[in-house]
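Residue numbering restarts at 1 for every chain, and letters A, B, ... go by the order of the sequence lines.
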Amino acid sequence: MSSHNIRISVNEKTYRSTVDSRITLLDFLRNDLSLTGTHVGCEHGVCGACSILYDGTPVRSCSLLAIQADKRQITTVEGLCNADGSPGVLQKAFCDAHAMQCGYCTPGMLISAHALLEQNSNPSADEIKESIGGNLCRCTGYIQIIEAVQLASQRLRNSR
Amino acid sequence: MRKSKSTNLRYISKKRRVIEDERFVCGTGKFVQDIQLSDTKHIAIVQSPYAKANIISINSKPASELDGVHAVLTGAELANHTDPIRFGLNLPNVTWYPLAVNMVRYVGEWVAVVVADNPYLAEDAAELVEVNYEALDPIIDPEEAYTDSKRLVHPEHGSNILYEGHFCWGPVEEDFAKSDFSLSFRVRWGRSSTVPIETFGVVAEWDEGREMLEIWASIQMPNFVELLASAMRIPLNSVRLHQDVDVGGSYGVKRGIKHAIIVSYLARKLRNPIRLIEDRLINMSSGDAHGPDRIFDTNIAFNKDGKVNSLKIRALDDAGAYPGRGPFQLAKPISAIVGPYKINSVEYDAISVTTNKTGQVPVRGFGQSPTNYMLETAIDRVARHLNQRRLDIRIKNLIKNDEFPYLIPSGSSYDSGDYLGVLQKTLDRADYENLMKRRKNARIDGRLAGIGLATCLEPGGGNNIFEYLMNPSAEITTFTEGCEIKVDPDGLITGVMGTTSSGQGHETLVATIIGEELEFDPALIRVVHADSLNAPVTRSPVASRMAIMLGSAAAGAAQKIKAKALAIAAENLGRPIEKLEYAEGTVFDQINTSHNISWSEICFIAHKAYHKLPHGMEPGMRAHNVFQVPGGGQLPDTDQRVQIYPCFSFQVHIPYVEIDQHTGKVSILNYFVGHDCGTQINPDIVRGMVIGGLAHGVGAALYEKFQYLPDGQFLNATFADYLMPSAYEIPMVTDIEHCTPSPLTSHGQKGSGEGGYLGAPAAISSAVNDALAPRGLSICELPMRSSIIEGLLNNGSTSQ
Ligand code: FES
Ligand code: FES
């Protein structure tokens with residue numbers, strides 16, 4: 001099996017690493033970088049638990065190889081926190097709206113919602129549904145998640 | 001226990017943040033997959049491609065020769081060194097090992113496992129394990145399994161019937177004879193499940209010096225440690241189950257006993273930590289995933305005014321090849337067999353058969369959701385037969401406010417309720433008259449529109465006596481829960497619970513109740529999940545029981561702490577306890593409030609100033625309290641009547657749907673749910689449970705089913721094939737709260753984890769059938785997939 005040297009920026013920190021070509025980006029983040037906030041749900045691209053930002057776009061890290069992230073900017077859920085590790089605006093809104101139960105889908109939901117709010121500061125409920133439409137949650141029935149994104153968008157707008 | 005003190009609550013029932021949430025949004029939850037022990041080895045699983053076959057030979061040599069592979073374990077070796085997994089039912093001739101021995105009994109059954117340095121390598125090696133099979137003729141259909149005496153899943157057992165019980169409560173035949181009408185029907189609940197996003201995982205390490213098994217698992221299971229120790233042939237106190245792992249959803253299914261035995265055996269044998277994380281294919285085909293798969297034949301007797309008198313129910317449940325506690329899902333419904341209705345007598349035949357499918361595990365509601373679907377269908381059928389409104393039949397038969405506690409024929413006494421109140425509130429909020437107008441207009445426009453109406457009862461906090469009903473060798477009459485409170489010398493409070501949590505917010509529950517009782521901000525109270533050797537007396541976080549049981553236990557422990565603080569204060573203030581008052585930890589003299597002692601002084605004295613303690617008092621500041629199931633502690637009477645669950649929550653579901661005539665697609669356009677679980681400890685948690693359960697119900701009603709071909713091939717082990725609702729499929733739900741406190745719990749709380757799932761399938765079926773009624777069509781099986789409805793609409797057939 002071939003190994004490759006990669007240079008990858010994750011949450012604004014640069015890592016150089018040698019990886020086997022078949023290692024998924026998800027496993028690389030979790031095992032090599034110990035960023036365990038990104039979760040493993042299906043490993044076949046359906047559930048969205050493994051979502052990350054890849055050059056700013058939400059993608060499924062289970063369906064990418066680590067070597068495909070060479071020279072790319074990756075953001076994981078840990079990167080959505082403030083510099084001191086405290087939750088950011090969207091994360092706080094998820095807490096205030098109790099937009100989770102087991103918390104397993106939550107990192108993926110946050111990544112998708114974050115990407116939406118970057119594009120659209122005042123999304124409608126339908127637009128929010130569309131943005132998280134590829135993230136499965138088995139606990140909440142989604143409604144408190146939609147409410148959390150609305151709350152975050154309102155707070156973000158108020159703070160501008 | 002006293003009644004709700006809802007007038008002066010500080011923290012209970014208030015909108016407050018859920019303590020657990022912050023770690024989840026930051027990605028710092030600790031799930032079993034996040035546990036990294038050095039030198040851990042990984043497992044991949046070899047599965048059977050046949051539904052039934054003899055294993056002729058296994059050649060593991062090519063796999064074990066691969067670099068980085070440490071072992072290939074087969075069923076024969078494991079069976080030599082472990083005992084079979086114990087069933088819930090008494091089935092001495094049905095043997096269940098984690099890995100198949102001699103015969104495989106379902107597609108996906110585990111035949112061997114490979115241990116390697118990493119999961120990638122383990123999977124490579126698993127592909128090299130060569131297994132020779134002799135294929136046999138499987139039995140897949142549960143009705144055939146019931147009668148077939150030749151194609152046996154477990155030949156030594158002599159039949160495919162695992163359990164057959166007959167119950168008769170009250171004068172059923174007389175009630176049928178006296179009634180104006182009776183009607184019979186069949187409904188079928190499809191094999192579906194709650195399918196958490198986290199698969200099951202387990203890590204085990206053998207501590208050689210202590211001869212102890214250390215294990216971390218994403219479980220939600222009663223008796224896990226007992227079953228594991230017994231299979232491993234080691235004493236119970238040689239297993240330490242670490243319960244401070246976050247479990248990524250369970251809703252009943254995370255059992256993992258076979259997984260745990262395999263990793264434990266290998267950890268002891270290889271002296272390495274061993275980890276088994278299911279992938280999704282393993283999880284759906286052969287992990288603990290599949291729920292009830294049930295056919296009901298029901299006969300209901302009623303009068304022309306709509307009064308329902310009696311029920312005859314036959315439930316045939318397909319438990320698959322190796323059912324653990326799955327078949328008990330036929331027994332929980334006994335506790336609310338008449339739902340919220342006044343029905344005088346019931347006959348119940350409960351049958352569990354084994355087939356060549358994956359074994360059944362408990363799923364949210366423990367059999368109550370299929371039963372409620374059947375029951376609500378019965379009420380709808382009565383309405384249709386009499387040409388009366390579904391609503392009126394319900395109003396006629398619902399138990400009234402002044403009739404509690406209400407004793408039902410099977411022996412349950414319902415604690416409290418305001419069924420008509422919840423119904424009215426929900427109708428008002430839904431603007432029922434207007435919904436009917438909307439339906440009428442839609443029908444005038446030629447659209448298929450329907451309103452659903454369903455109620456459900458959620459029994460919570462049971463005593464496990466259902467096990468005895470199905471297996472009289474299990475004389476278990478309680479299912480207690482304990483909580484411990486430790487106050488340190490600085491006065492800081494820690495609540496200790498004895499199980500894992502999988503999203504129910506137990507840390508918030510315990511902190512809120514302790515905070516309420518001791519008058520401290522719950523945000524400052526730490527709650528820990530002790531390991532199994534340090535845990536308070538505990539059973540398991542199942543059965544909508546933790547608010548009832550753990551919550552009441554926490555309240556009791558807090559009261560003990562308070563009593564101790566008062567006793568220490570009395571000694572040091574020189575005043576009798578009756579003359580003192582406790583407020584936020586400080587104890588005052590009622591008359592002279594400046595004569596007081598602070599919480600920190602009390603805690604210091606308790607821990608360190610023995611000379612200031614009342615004579616003979618045990619030093620320290622900790623209390624353990626075990627809450628016994630209210631109304632438990634009894635074996636059934638000779639007619640098999642017994643109280644199984646103490647508390648009964650209630651919900652009303654009203655969805656409005658429209659069906660696309662060309663595709664058969666059901667769109668849920670509105671959904672109203674009224675719920676009453678007594679005092680809500682944390683309203684956000686309750687709301688999440690209601691809506692989340694409802695979403696599971698939408699899946700079971702419209703989409704989800706584990707599908708087998710007639711030859712036993714399993715078809716949908718991926719998320720692309722087994723369809724679960726996304727944000728698009730779940731309607732915006734309007735939830736309506738109501739509170740009828742339970743007289744049996746510390747603050748009037750009841751269970752809330754299951755009701756959404758108990759009501760939604762019945763309600764959506766009711767709505768779809770209402771929409772189909774103008775065409776003279778009906779559908780009596782779940783899931784009601786669009787392909788089935790389309791077939792019905794366009795050819796009048798239900799074949800897919
Ligand atoms: S784990 Fe990547 S989409 Fe499910
Ligand atoms: S919070 Fe549990 S899966 Fe979404």
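Residue F719(B) comes nearest to L136(A) through the heavy atom pair CD1-CD1, 3.9 Å, listed as atom of the first residue, atom of the second, then distance. In terms of heavy atoms, L121(B) sits closest to R22(A) at N-NH2, 4.0 Å. The two residues Y251(B) and C139(A) have their closest heavy-atom pair at OH-SG, 2.8 Å. Of all the heavy atoms in I197(B) and C47(A), the pair that sits closest is CG2-SG, 4.4 Å. D21(B) approaches H98(A) most closely through the heavy-atom pair OD2-ND1, 2.7 Å.
For C81(A), the part sitting under 4.5 Å from any heavy atom of chain B is the side chain, from C-beta outward, and nothing else. Neither the backbone nor the side chain of I277(B) comes within contact range of chain A; no heavy atom of the residue lies under 4.5 Å from a heavy atom of that chain. Looking at P731(B), the atoms closer than 4.5 Å to chain A (heavy atoms on both sides) all sit in the backbone: N, CA, C or O. With a threshold of 4.5 angstrom between heavy atoms, V247(B) approaches chain A through N, CA, C or O but not through any side-chain atom. With a threshold of 4.5 angstrom between heavy atoms, F31(B) approaches chain A through side-chain atoms but not through N, CA, C or O. When heavy atoms are compared at a cutoff of 4.5 Å, L110(A) approaches chain B solely by way of its side chain, counted from C-beta outward. Contact annotation for I23(A): both backbone and side-chain heavy atoms come within less than 4.5 Å of a heavy atom of chain B. In this structure, the portions of Y104(A) lying under 4.5 Å from any heavy atom of chain B include both its backbone and its side chain. Within the 4.5 angstrom heavy-atom criterion, only side-chain atoms of Q144(A), from C-beta onward, approach chain B. Interface residue Q36(B): only side-chain heavy atoms are found under 4.5 Å from chain A. Contact annotation for R687(B): both backbone and side-chain heavy atoms come within less than 4.5 Å of a heavy atom of chain A. Heavy atoms of D246(B) lying under 4.5 Å from chain A are absent altogether. Of the two parts of V195(B), the backbone and the side chain both hold a non-hydrogen atom closer than 4.5 Å to a non-hydrogen atom of chain A. If you measure heavy-atom distances from K15(B) to chain A, the contacts under 4.5 Å come from the side chain alone. Residue S502(B) touches chain A through its backbone alone, counting heavy-atom pairs closer than 4.5 Å. In this structure, chain A has heavy atoms under 4.5 Å from both the backbone and the side chain of I691(B). For a residue to count as touching a neighbouring chain, one of its non-hydrogen atoms must lie under 4.5 Å from one of that chain's; by this rule T106(A) touches chain B with the side chain only.
Heavy atoms of other residues, nucleotides or ligands lying less than 6.0 angstrom from CG of D67(B) number 12 at most. Other residues, nucleotides and ligands place no more than 12 heavy atoms under 6.0 Å from the CD atom of E130(A).
Not one N or O on the side chain of K129(A) forms a donor-acceptor pair closer than 3.5 Å with the backbone of S726(B). In this structure, the side chain of Y142(A) does not engage the main chain of A695(B) through any donor-acceptor pair within 3.5 Å.
The candidate from E43(A), H44(A), E78(A) with the greatest count of non-hydrogen atom pairs under 4.5 Å with chain B is H44(A). In terms of heavy-atom pairs under 4.5 angstrom with chain B, the leader among I128(A), T24(A), D126(A) is T24(A). Each of Q33(B), M689(B), E22(B) has some count of heavy-atom pairs under 4.5 Å with chain A, and the biggest count is that of Q33(B). The candidate from V733(B), T28(B), T199(B), L281(B) with the greatest count of non-hydrogen atom pairs under 4.5 Å with chain A is V733(B). When the candidates L694(B), N283(B), V690(B), D124(B) are compared by the number of heavy-atom contacts under 4.5 Å with chain A, D124(B) comes out ahead. Ranked by heavy-atom pairs under 4.5 Å with chain B, the first of G37(A), G41(A), G45(A) is G41(A). Heavy-atom pairs under 4.5 Å with chain A were tallied for E20(B), M732(B), R23(B); the largest tally goes to M732(B).
Side-chain contact between C95(A) and F24(B) is absent, with no heavy-atom pair separated by less than 4.5 Å. No side-chain heavy atom of D20(A) sits under 4.5 Å from any side-chain heavy atom of Y120(B). With a 4.5 Å cut-off on side-chain heavy atoms, H696(B) and R138(A) count as touching.
Atom CG of N31(A) is separated from atom CG of N118(B) by 9.0 Å, given to the nearest 0.5 angstrom. Distance SG/C105(A) to CD/E198(B): 12.0 Å, rounded to 0.5 Å. The distance from the NZ atom of K254(B) to the SG atom of C102(A) is 7.0 Å, given to the nearest 0.5 Å. One finds the CZ atom of R30(A) at 4.5 Å from the CG atom of D34(B) (value rounded to the nearest 0.5 Å). In this structure, R17(B) CZ and D96(A) CG are separated by 4.5 Å, a value rounded to the nearest 0.5 Å.
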